[in-house]
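For the numbers below, each heavy atom of this structure counts, side chains included, while hydrogens, waters and symmetry mates do not. So you know, we letter chains A, B, ... as the sequences are listed, proteins then strands, and number each from 1.
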Amino acid sequence: METSISGLQAKLKKLEKTHICNNYFPTNRGNLLVSGFWLNNFGGRHLSTAEPTHPPPPQAPTSPPPPLSFNPSFVTQVVTLLQTTDTNDWTSNTTLHKLLFLSPQSLSPLSLLRITRGLGSTAKALQFFHYIRTTSPSPPDPLPLSSTFQAIFELASREQPESATKLYELFTSSRDQSIPLSINSATLLIQFFGRAGMVEKSLIVYEELDPDRRNIHKSECPPNERTMDIVLAGLLKRNWSGRRVSEEEIVGLVLKLGEHCVFPNNVWLSQLITRLCRSGKSNKAWEFLHDVRRLGGSVEAASCNALLTGLGREHDYVRMNMLLKEMKEQKIQPDVVTFGILINYLCKLRRVDEALEVFKKMRGNENDEISVEPDVVHYNTLIDGLCKVGRQEEGLGLLEQMKSRHESAPNIVTYNCLIDGFCKAGEIERSHELLDQMYKEGLMPNVITLNTLVDGMCKHGRINSAMDFLNQMRQKGLKTNAITYTVLISAFCNANNIDKAMALFDEMLKTGCSPIAIVYYCLISGLSQAGKVDDASSVASMMKKVGFGLDIVSYNVLISGFCRKNRLEKAYEMLKDLEEAGVKPDSVTYNTLISYFSETGDFRTAHTLMRRMVKDGLVPTVVTYGTLIHAYCLVGNLDEAMKIFTDMSSASRVSPNTVIYNNLIDSLCKNKKVEVALSLMDDMKAKGVKPNTNTYNAMFKGLQEINWLEKALRLMDQMTEQACNPNYITMEVLTDWLSAVNATEKLRNFVQGYEVSTSIA
DNA sequence: CTAGGGTTAG
């Protein structure tokens, strides 16, 4: 067994604290600790049973440290001798006798552990144990014998990994001979029995491990939680014997112990719940927590917090609410973290006002039982929540509150949230002011601050200043990361500067910044949309080479790119690839294909795809219907387009959107069916779908064709009322028409109304 | 992973 020094020291420290009779594998330093422990706890007996032939044991701290208890050459010597001598002759072998019993360090726990292991088989190891017991001139100490048995357990578990019975027999035999169990033996046995489903036997081992058990009345429980701590520590860590015990096995054991009124403390409980949740077993975690409570174990806020976090990650808000209710009913006092989780959960659901309400209430009044002081995390969560719903000014108010109340000082996260809020709102200057404020308060921006600002600047058309800012920050020593590159690459793709995007990608790879999948996704999407679908495809291959998989979004982008280039065979290749990679096509995939086929006039295939879509468990969306309607309009089949339009809202209960109305209105107008188009506008109003500039433009063109001026003027008023801005197309149509009928005054008012509405916006 | 809550990217 390999044990690192630091790990060993940690174990020894624990040993000192827990006062359990164990053998460990002392190093030089560890040995001193063990000796100290030994003297404190068993000193009298140990010293009195010492043979006169032994050199006097260390008596005071000033005496030299005891000899090194583990001597590799000594172990090798003994093992070789044992292996080459017939077992029947061990007793009569004087060399062996001298080596083992006449030197002071020979019977040290570690030596015996190594020697016994060296024998290689359970049978031989047992014979050796018997030999030690019967041949030792003095009654052997229990600790070295514990070590010997530990090695026996190890050998047996390896010889017959399937048979727990053999191991159990060995265990009972050691117990009958009053050999104390070492903690490692106990862990091995508990693990082994737990895995074999013999939880009862694990329990027996556990009870054997408890050194104080004889002094405790049967009715008294729980006996000794510290023992439980050690067992759990052994089980929860990656275990020394190599294999890990599964969470379920541990849960089984803990619950079995629970039936005997032994419970883990809340640190272990929380840790187990966290582990269950992280491995996607929040159901198990839920059951486990409730089982522990049912059995009478104490459940504190921390354990509930762990479960709440896990449930939150799965968006299982129903259970979160249930648990919160249970906490209230069972008078489990929520703590600072519980409130943190609750506030975060409300913020993420965009229920910020409720979150603020909780925040106000958590402080409590004098006569309230619950009173938790808010900390910086609560503030940050709320500020972020406010910013995410566009209430960054209120977020700023909370920042001021933090400063004035001196409860918790703002930190980098506080500022990052606010900077992002103002960036998203397009108020880049305010974000920069916040950055200056940060510096003044002695807070150094980090890479998140940098990325947030760079992204904000890029998204608001300041890509060059973003680059300047980035370089400035780099000079100040700030490191960039893959997200910085993601932000930049997507910005340059959007600005149609693919070369720069590619150059940045190369730079990222060269600087050894470990890329993340999303950088590739950005580039693939940018290249595809720029029509460089072959380049996009090579980036995809590159990505696969470095071990990333394409996701459905990237596949869709590629399929769409190839469809637009009319390269159906490549699109099919992508579909095949997607299937082989085990990625499920989504409605976007189908919509892309349906769009391709319907717009090339192959409505048969388009409808077949729609049926397959449904068979695949997907639901045709508003885009699916819109695509078909658009295509039927293009080929002038207005009847079919209208049929789909009626079907979608009645049969499929998908509400049409503005795009669909616009397509239909435009086609109807072009076919001189202006009345029908107008009735669709009424329909929009009835269904609460807002017309946009394109809707009005289509109508104006149609009305102009039949010269229905009165209606056009009414629509112009309506547009102003709805603060729907005209664009250059609107102006083009109206200017020609209105000036021809001497209604320029009306047009002037209309434009003024537009100016007013933009200045308000 | 360090008991449990907060920030950036298609």
Side-chain angles (χ1 to χ4, degrees), chain A residues 10 233 236-238 244 264-275 277-279 300-313 334-348 355 358-359 362 372 374-388 395 398 408 410-421 423-424 431 434 445-456 458-459 480-491 493-494 501 515-529 550-554 556-557:
Chain A
L236 283 167
K237 265 186 217 142
R238 197 182 51 231
R244 263 174 78 137
N265 64 29
N266 268 267
V267 176
W268 294 119
L269 198 56
S270 309
Q271 225 175 75
L272 251 173
I273 289 170
T274 305
R275 249 175 74 164
C277 288
R278 285 210 180 110
S279 47
E300 289 162 22
S303 308
C304 298
N305 293 343
L307 185 53
L308 282 169
T309 308
L311 293 171
R313 219 183 347 246
D335 64 5
V336 63
V337 177
T338 319
F339 282 108
I341 297 169
L342 189 55
I343 289 171
N344 185 38
Y345 146 84
L346 289 168
C347 284
K348 291 286 140 34
V358 171
F359 181 66
M362 64 183 262
V372 177
D375 69 8
V376 64
V377 178
H378 298 124
Y379 274 107
N380 291 347
T381 312
L382 283 165
I383 289 173
D384 184 57
L386 285 166
C387 287
K388 288 279 185 317
L398 280 183
S408 39
N411 62 14
I412 296 192
V413 179
T414 321
Y415 278 98
N416 285 347
C417 295
L418 282 164
I419 288 174
D420 188 51
C423 276
K424 291 271 169 6
S431 293
L434 282 163
N446 63 11
V447 66
I448 297 181
T449 326
L450 171 71
N451 292 342
T452 306
L453 267 161
V454 169
D455 184 54
C458 287
K459 292 257 161 65
T480 53
N481 64 12
I483 296 181
T484 322
Y485 282 101
T486 309
V487 166
L488 292 173
I489 287 169
S490 83
C493 283
N494 282 330
I516 46 177
I518 205 160
V519 189
Y520 289 91
Y521 296 157
C522 276
L523 203 55
I524 290 170
S525 138
L527 288 166
S528 274
Q529 270 154 23
L550 287 182
D551 68 351
I552 188 62
V553 181
S554 303
N556 288 342
V557 158

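- Between the P atom of B:dG5 and the CD1 atom of A:Ile343 lies a distance of 14 Å, rounded to the nearest Å.
- At a threshold of 4.0 angstrom between heavy atoms, the contacts of A:Asn481 with the nucleic acid are absent.
- Side chain A:Asp455 to base B:dG10: no donor-acceptor pair is found below 3.5 Å.
- The listed nucleotides are B:dA9, B:dG5, B:dT7; the one nearest the side chain of A:Lys424 is B:dA9.
- Computed from coordinates, the A:Leu527 CG to B:dG10 C1' distance equals 13 Å when rounded to whole Å.
- If you measure from atom CG of A:Asn494 to atom C1' of B:dG10, you get 9 Å, rounded to the nearest angstrom.
- As rounded to the nearest Å, B:dC1 and B:dG5 have P atoms that lie 11 Å from one another.
- A:Thr484 comes within 4.0 angstrom of no nucleic acid atom, judged by non-hydrogen atoms across all strands.
- Taking the six-membered ring where the residue is Trp, A:Phe359 and A:Tyr379 present perpendicular rings, their angle passing 60° and hence far from 30°.
- When rounded to the nearest whole Å, the span between CG of A:Asp375 and P of B:dT7 equals 14 Å.
- In this structure, A:Asp384 places its CG atom 5 Å from P of B:dT7, rounding to the nearest Å.
- In this structure, CD1 in A:Ile518 is found 11.5 Å from CD1 in A:Ile489, a value given to the nearest 0.5 Å.
- Listed candidates were B:dG10, B:dT8, B:dG5. Nearest to the side chain of A:Asp420 is B:dT8.
- Out of B:dG10, B:dG5, B:dA9, the shortest distance to the side chain of A:Val487 is found at B:dA9.
- A donor-acceptor contact under 3.5 Å is not formed by the side chain of A:Thr338 with the base of B:dG5.
- Distance, A:Arg278 CZ to B:dC1 P: 6 Å, rounded to whole Å.
- Proximity note for A:Ile448 (side chain, C-beta onward) versus B:dT8, B:dA9, B:dA3: the nearest is B:dT8.
- Checked against B:dA9, B:dT7, B:dA3, the side chain of A:Asn416 finds its nearest nucleotide in B:dT7.
- A:Leu308 places its CG atom 18 Å from the P atom of B:dA3, with the value rounded to the nearest Å.
- A:Thr381 comes within 4.0 angstrom of sugar-phosphate atoms only, judged by non-hydrogen atoms across all strands, and of no base.
- Residue A:Asn411 is in base contact, counting any heavy-atom pair closer than 4.0 Å across all strands shown.
- Taking atom OH of A:Tyr379 as the reference point, atom P of B:dT7 lies 18 Å away to the nearest angstrom.
- In summary, the side chains of A:Thr449 and A:Asn416 do present a donor paired with an acceptor at a separation below 3.5 Å, with no hydrogens or angles considered.
- Nearest to the side-chain atoms of A:Ile518 among the listed nucleotides B:dG10, B:dT7, B:dT8 stands B:dG10.
- A donor-acceptor contact under 3.5 angstrom links the side chains of A:Thr484 and A:Asn451, judged on distance only.
- Side-chain contact, A:Asn266 with A:Ser303: a donor N or O sits under 3.5 Å from an acceptor N or O.
- Residue A:Lys388 places its side chain closer to B:dT7 than to any other of B:dA3, B:dT7, B:dG10.
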